[in-house]
Amino acid sequence: MPGAAARSPARPGAPARVLRLAAAPPAGRDEPLLRGIFEIGKRSCDVVLSARRLRWSPILPESPTGGRGRSQEEIIEMKDVFSVKLKRRRFAGQKKGGTLLGITIFKFLNKEENKLTDCAVHLNNLSEDHCQLWFRHLKEILNGFQNRPKSLKVFVNPSSHKREAAHVYYEKVAPLFNLADIKTDVTGKLLQLILFAFDCKVVCVGGDGSVSEVVHGLLLRAQLDAGKGTDCVSKPVRAPLPLGVIPAGENKRYCYVVLIICFKSLWYVLHFWLLKAVLDAKASVM
């Protein structure tokens, strides 16, 4: 395969023979960057990495007639990967070092309509040089996604139903942010969204009331920064910061279809709330 690297043995202590492309592939093409052998699911697999995807297929033995059986190829789209870590075996209490076992790739899957779940794929290889080379390339690809947040301002409603917001965030969400190397600044004070300047994306953990207040606060901050009065509703200034919603409250109906990071304008989010309010014949929105 032109531009592809030679396969690298997966045996412990065997030298890693992986070649790299001399230059980045042209835009719009899916040229291989690395090719090597890893053990995946207890099977030796031929693995190929490109800027767009990671694909592999089991290495099958030759048949008696001299040919090879056809194996099914599996693919991970790199846009679905949110973290890559080196996997090491450590003794109890050991925090650093350890025996390198391979690479773990964390990705999200569509669990059901509008819901996501995470899973891990383990690429096992005992060669330190082999794994370090692949790890660097995988990290470079992930760092190349410009829209991915490096830091987040997280609003956790301290008064949510049965304190569910804090439980959901610290037990389920914070570990994923940490795994993805995202720095977070957590607050339960809505005024911080209005009075203090920051340029990171915003995540709200709470129910419908919390989301409504955060949207209101961010839009209010946008009007103040633009020097407009808060009663100017005909042509409000769009809030520049994206908003993510993690449903956690007594009433989560309106928060059901929102991704963790929403790249649309907050003004459209506000229109969504206004439309819901009209349809449900609510007396007030905010």
Side-chain angles (χ1 to χ4, degrees), residues 79-83 106-120 147-180 182-194 198 200-222 238-286:
K79 63 181 178 62
D80 295 337
V81 176
F82 66 89
S83 182
F106 299 91
K107 57 169 286 190
F108 68 82
L109 294 172
N110 292 317
K111 183 178 180 181
E112 54 185 271
E113 185 179 5
N114 303 321
K115 289 187 178 181
L116 303 175
T117 186
D118 63 290
C119 71
N147 287 333
R148 296 199 173 186
K150 304 298 182 183
S151 59
L152 292 171
K153 185 79 171 183
V154 182
F155 174 78
V156 180
N157 181 8
S159 304
S160 65
H161 178 63
K162 297 182 180 179
R163 297 185 177 179
E164 184 180 2
H167 173 75
V168 168
Y169 177 73
Y170 289 108
E171 296 294 328
K172 299 182 179 180
V173 180
L176 293 178
F177 285 164
N178 183 60
L179 191 61
I182 298 175
K183 297 180 180 179
T184 56
D185 181 13
V186 183
T187 180
K189 299 178 181 179
L190 184 61
L191 283 178
Q192 289 191 10
L193 299 179
I194 304 173
F198 54 90
C200 57
K201 297 174 175 66
V202 180
V203 171
C204 175
V205 186
D208 297 340
S210 301
V211 175
S212 178
E213 290 180 9
V214 170
V215 171
H216 190 187
L218 292 176
L219 284 171
L220 177 59
R221 177 57 192 261
R238 292 182 178 180
L241 297 177
L243 171 66
V245 176
I246 299 173
E250 185 176 8
N251 188 354
K252 298 179 285 190
R253 290 179 299 160
Y254 305 158
C255 302
Y256 184 70
V257 191
V258 187
L259 295 178
I260 288 189
I261 296 297
C262 175
F263 294 101
K264 292 186 177 180
S265 167
L266 287 176
W267 178 236
Y268 293 112
V269 178
L270 181 60
H271 271 296
F272 169 80
W273 282 89
L274 292 172
L275 178 61
K276 275 293 185 181
V278 172
L279 294 176
D280 291 347
K282 285 193 173 183
S284 62
V285 180
M286 301 297 182

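We use all heavy atoms of the structure for the numbers below, so side chains are in, but hydrogens, waters and symmetry mates are not.
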Shortest non-hydrogen contact from [X] toward [Y]:
X	Y	answer
Pro158	Gly188	CD-O, 3.8 Å
Phe155	Ser210	CE2-CB, 4.3 Å
Ala165	Asn157	CB-O, 3.5 Å
Lys79	Arg148	O-NH2, 2.7 Å
Lys201	Pro149	CD-CB, 3.9 Å

Kindly compute the distance separating CZ (Arg238) from CG (Leu219), expressed to the nearest 0.5 Å.
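The distance works out to 11.0 Å.
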Measure the CG-CD1 distance between Leu176 and Ile246 for me, rounded to the nearest 0.5 Å.
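If I round to the nearest 0.5 Å, the distance is 9.0 Å.
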Short question: side chain of Ser83, backbone of Leu179 - any donor-acceptor pair under 3.5 Å?
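Yes, the answer is positive, given that a donor and an acceptor are paired below the 3.5 Å cut-off.
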Lys172 atom NZ, neighbour heavy-atom count above 12 within 6.0 Å:
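Atom NZ in Lys172 is not crowded, with 12 or fewer foreign heavy atoms closer than 6.0 Å.
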Audit row: Tyr169, Val203, side chain to side chain contact (heavy atoms under 4.5 Å, CB included) steps and yes/no:
CA-CA 11 Å; Tyr169 177 73; Val203 171; 6.0 Å; no
Begin from the C-alpha positions of Val81 and Phe108 and carry the test side chain to side chain contact (heavy atoms under 4.5 Å, CB included) through to its verdict.
CA-CA 7 Å; Val81 176; Phe108 68 82; over 6 Å; no
Between Leu109 and Asp118, does the side chain to side chain contact (heavy atoms under 4.5 Å, CB included) criterion hold? Intermediate values first, please.
CA-CA 6 Å; Leu109 294 172; Asp118 63 290; over 6 Å; no
Begin with the C-alpha distance, continue with both residues' side-chain angles, and end with the deciding distance and a verdict on side chain to side chain contact (heavy atoms under 4.5 Å, CB included) for Val173 and Val168.
CA-CA 7 Å; Val173 180; Val168 168; 4.2 Å; yes
Step by step, would you call Lys153 with Asp185 a salt bridge (charged side-chain N to carboxylate O under 4.0 Å, His left out)?
CA-CA 5 Å; Lys153 185 79 171 183; Asp185 181 13; 2.8 Å; yes
Check Val202, Leu243, Val245 against Val215 for a side-chain contact (heavy atoms from CB on, under 4.5 Å) and give me the one that passes.
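The residue from Val202, Leu243, Val245 that satisfies side-chain contact (heavy atoms from CB on, under 4.5 Å) with Val215 turns out to be Leu243.
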